[in-house]
Amino acid sequence: MKATIRAGSNIAFIKYWGVDDAAINLPQNNSISLTLADAYTTTTLEWLPARDLTRDELTLDGVRLDERKAARLVRHLDRIRALAAVDDRARVVSQNNFPMASGIASSASGFAALTTAACHALGLNLDATRLSAIARRGSGSASRSLFGGFVEWERGHDDASSVARQLHPADHWDLYDVVAVVSGAEKAVSSEQGHQLAGSSPLNRGRVAGLDHALTEVRTALADRDLHRLGPVIEQDALAMHAVMMTSSPSLLYWQPGTLEIIHAIRQWREQEGLAAYFTIDAGPNIHVICEAATAPIVQSRLQTLSSVQQIIVSRPGPAPVVLREHLF
Ligand code: DP6
């Protein structure tokens with residue numbers, strides 16, 4: 001009744017931003033991401049009878065969560081309890097190998113690991129597609145972390161059909177995510193709240209209208225391992241998403257001065273010196289630089305010269321969640 005799972009975070013090339021149905025995290029559009037090998041969450045979960053443990057006990061990065069902080073995770077465990085028709089309580093110990101505020105999505109790896117560990121420890125024999133749908137309810141982007149490598153989350157039309165699938169395995173293309181951390185401060189507005197504001201931006205409709213084309217471009221660029229086809233599309237979608245964020249009501253402005261410093265630097269290195277690297281940005285101020293393996297050390301040493309870069313985290317493409325230990329009955 002106990003399992004330990006490691007799940008990688010992911011970085012989206014075409015973003016999930018905006019929900020059509022917040023109750024089930026049904027997104028307004030498909031998204032495409034890369035699962036990360038070197039930014040992951042390791043979660044050990046043990047189910048105990050309710051008479052031995054009166055409520056779920058959750059420890060995250062060494063800190064025991066209070067009721068308020070645990071609420072979103074307990075709601076997720078409730079879904080899995082309902083599915084398995086049990087009322088056991090969970091003891092969960094979860095550890096990220098990257099700082100929470102690094103701009104790497106801990107909710108993606110966290111909910112992928114939690115879902116997989118909880119279902120494994122209950123002996124539920126669910127495939128990755130089913131686990132993807134369950135993880136999605138906890139955190140939208142977690143649906144993609146159920147698969148390794150290059151992944152597309154199909155919007156679908158209901159709870160069962162809104163799931164991710166693998167486009168290519170991790171070894172298809174040695175594409176790196178070099179994360180330049182500008183600020184470690186916790187964000188003022190969570191993605192969960194942000195997704196519900198997207199529709200209030202006059203620019204949202206314009207972004208969504210261009211997505212079919214952008215998704216096709218990204219699929220083709222990934223299939224052909226063509227960075228110069230991929231790069232402009234991912235930069236454009238990250239900027240379009242941030243334009244939607246900035247113009248929603250209330251306005252969400254995640255960028256810091258350092259965000260712009262890095263954007264300008266990358267464009268300059270690329271346009272004037274031919275450095276093959278492109279950026280994307282999630283719901284925060286930090287910049288993810290996407291490049292091929294051979295370019296990653298150069299990107300890293302250049303980023304180190306910028307005054308606004310506090311920390312750099314480098315990741316390769318990663319696998320689907322891995323079962324590290326399993327104890328059944
Ligand atoms: C900007 O998956 O973190 O990273 O579903 O509320 O947990 P919740 O949101 P989340 O949103 C991710 C938004 C994004 C883009 C992306 O990863 O696609």
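Bear in mind that the values here come from a model prediction, so they are computed numbers and not experimental data.
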Minimum-distance pair of heavy atoms, taken over all atoms of [X] and [Y]:
X      : Y      : answer
Thr115 : Ala135 : OG1-CA, 3.5 Å
Thr35  : Pro319 : CG2-O, 3.5 Å
Gly18  : Ala198 : CA-CB, 3.7 Å
Ser139 : Ser107 : OG-OG, 3.1 Å

* To do: Please answer: with hydrophobic residues joined when any side-chain heavy atoms are less than 4.5 Å apart, are Val163 and Val19 in the same cluster?
  => no
* **Val93 reachable from Val322 in the ILVMFWY side-chain graph, under 4.5 Å edges** => no
[X] bridged to [Y] by N-O distance under 4.0 Å:
X      : Y     : answer
Arg81  : Asp78 : yes
Asp159 : Arg79 : no
Glu57  : Arg89 : no

With a 4.5 Å cut-off on side-chain heavy atoms, are [Y] and [X] touching?
X      : Y      : answer
Leu175 : Leu230 : yes
Val179 : Phe98  : no
Asp88  : Met1   : yes
Ile312 : Val299 : no
Leu122 : Leu83  : no
Leu215 : Glu152 : yes
Thr44  : Arg91  : no
Ile313 : Pro99  : yes

* Look at the rings of Trp173 and Phe150 and say which category their plane angle falls in: under 30° parallel, 30 to 60° tilted, over 60° perpendicular. => parallel
* Could you walk me through whether Thr295 and Leu227 pass the side chain to side chain contact (heavy atoms under 4.5 Å, CB included) check? -> CA-CA 12 Å; Thr295 318; Leu227 183 61; over 6 Å; no
* Gln193-Ser190 side chain donor-acceptor pair, cut-off 3.5 Å -> yes
Distance (rounded to the nearest 0.5 Å) between [X] [atom1] and [Y] [atom2]:
X      : Y      : atom1 : atom2 : answer
Leu222 : His168 : CG    : NE2   : 5.5 Å
His120 : Leu131 : NE2   : CG    : 7.0 Å
Leu114 : Leu77  : CG    : CG    : 5.0 Å
Met246 : Leu239 : CE    : CG    : 8.0 Å
Ile290 : Phe279 : CD1   : CZ    : 11.5 Å
Leu167 : Ser33  : CG    : OG    : 8.5 Å

* Looking at residues at least two apart in the chain, or sitting in another chain, which of them share a side-chain contact (heavy atoms from CB on, under 4.5 Å) with Pro232? -> Tyr278
* To do: Applying side-chain contact (heavy atoms from CB on, under 4.5 Å), name anything that partners Ser200, two or more places apart in sequence or on another chain.
  => Leu197, Ser248, Ser249
* Asked: What residue pairs, at least two apart or across chains, pass salt bridge (charged side-chain N to carboxylate O under 4.0 Å, His left out) with a residue in residues 29-51?
  -> Asp38-Arg316
Sidechain-backbone polar pair: [X] side chain, [Y] backbone, donor-acceptor under 3.5 Å:
X      : Y      : answer
Ser301 : Ile298 : yes
Arg155 : Pro27  : yes
Ser132 : Ala128 : no
Asn286 : Val182 : yes
Asp177 : Ser315 : no
Arg137 : Asn25  : no
Gln166 : Gly148 : yes
Asp127 : Arg130 : yes

* Asked: Could you walk me through whether Trp17 and Ser191 pass the side chain to side chain donor-acceptor pair (under 3.5 Å) check?
  -> CA-CA 8 Å; Trp17 194 252; Ser191 307; over 6 Å; no
* Evaluate the side chain to side chain contact (heavy atoms under 4.5 Å, CB included) criterion for residues Ile80 and Cys119: first the C-alpha distance (whole Å), next the side-chain angles of each, then the deciding distance (0.1 Å), finally the verdict. => CA-CA 7 Å; Ile80 294 167; Cys119 292; 4.1 Å; yes
* Testing Asp20, Asn204, Asp21 for side chain to side chain donor-acceptor pair (under 3.5 Å) with Gln28, which one passes? -> Asn204
* To do: Begin from the C-alpha positions of Thr41 and Gln95 and carry the test side chain to side chain contact (heavy atoms under 4.5 Å, CB included) through to its verdict.
  => CA-CA 6 Å; Thr41 304; Gln95 188 77 38; over 6 Å; no
* Asked: Under the side chain to side chain contact (heavy atoms under 4.5 Å, CB included) criterion, do Ile24 and Arg136 qualify, and how do the steps go?
  -> CA-CA 8 Å; Ile24 59 164; Arg136 188 202 74 241; 3.8 Å; yes
* Is it true that the NZ or CZ of Arg302 lies under 6.0 Å from the centre of Trp269's six-membered ring and within 45 degrees of the ring axis? -> yes
List, one per line, each side-chain donor-acceptor pair under 3.5 Å for residues 8-15, sequence neighbours excluded.
{"from": "Ser9", "atom 1": "OG", "to": "Ala105", "atom 2": "O", "distance (Å)": "2.8"}
{"from": "Asn10", "atom 1": "OD1", "to": "Arg144", "atom 2": "NE", "distance (Å)": "3.3"}
{"from": "Asn10", "atom 1": "OD1", "to": "Arg144", "atom 2": "NH2", "distance (Å)": "2.8"}
{"from": "Asn10", "atom 1": "ND2", "to": "Ser141", "atom 2": "O", "distance (Å)": "3.1"}
{"from": "Asn10", "atom 1": "ND2", "to": "Ser145", "atom 2": "OG", "distance (Å)": "2.9"}
{"from": "Lys15", "atom 1": "NZ", "to": "Ala12", "atom 2": "O", "distance (Å)": "2.9"}
{"from": "Lys15", "atom 1": "NZ", "to": "Thr280", "atom 2": "OG1", "distance (Å)": "2.9"}
{"from": "Lys15", "atom 1": "NZ", "to": "Asp282", "atom 2": "OD1", "distance (Å)": "2.6"}

* Residues that Arg225 engages under salt bridge (Lys or Arg N to Asp or Glu O under 4.0 Å), provided they are two or more places apart -> none
* What do you reckon, is CG of Asn125 surrounded by more than 12 foreign heavy atoms closer than 6.0 Å? -> no
* **Residues which pass ring-ring contact (aromatic ring centres under 6.0 Å, His included) with Phe111, listed by chain and number, not counting sequence neighbours** => His76
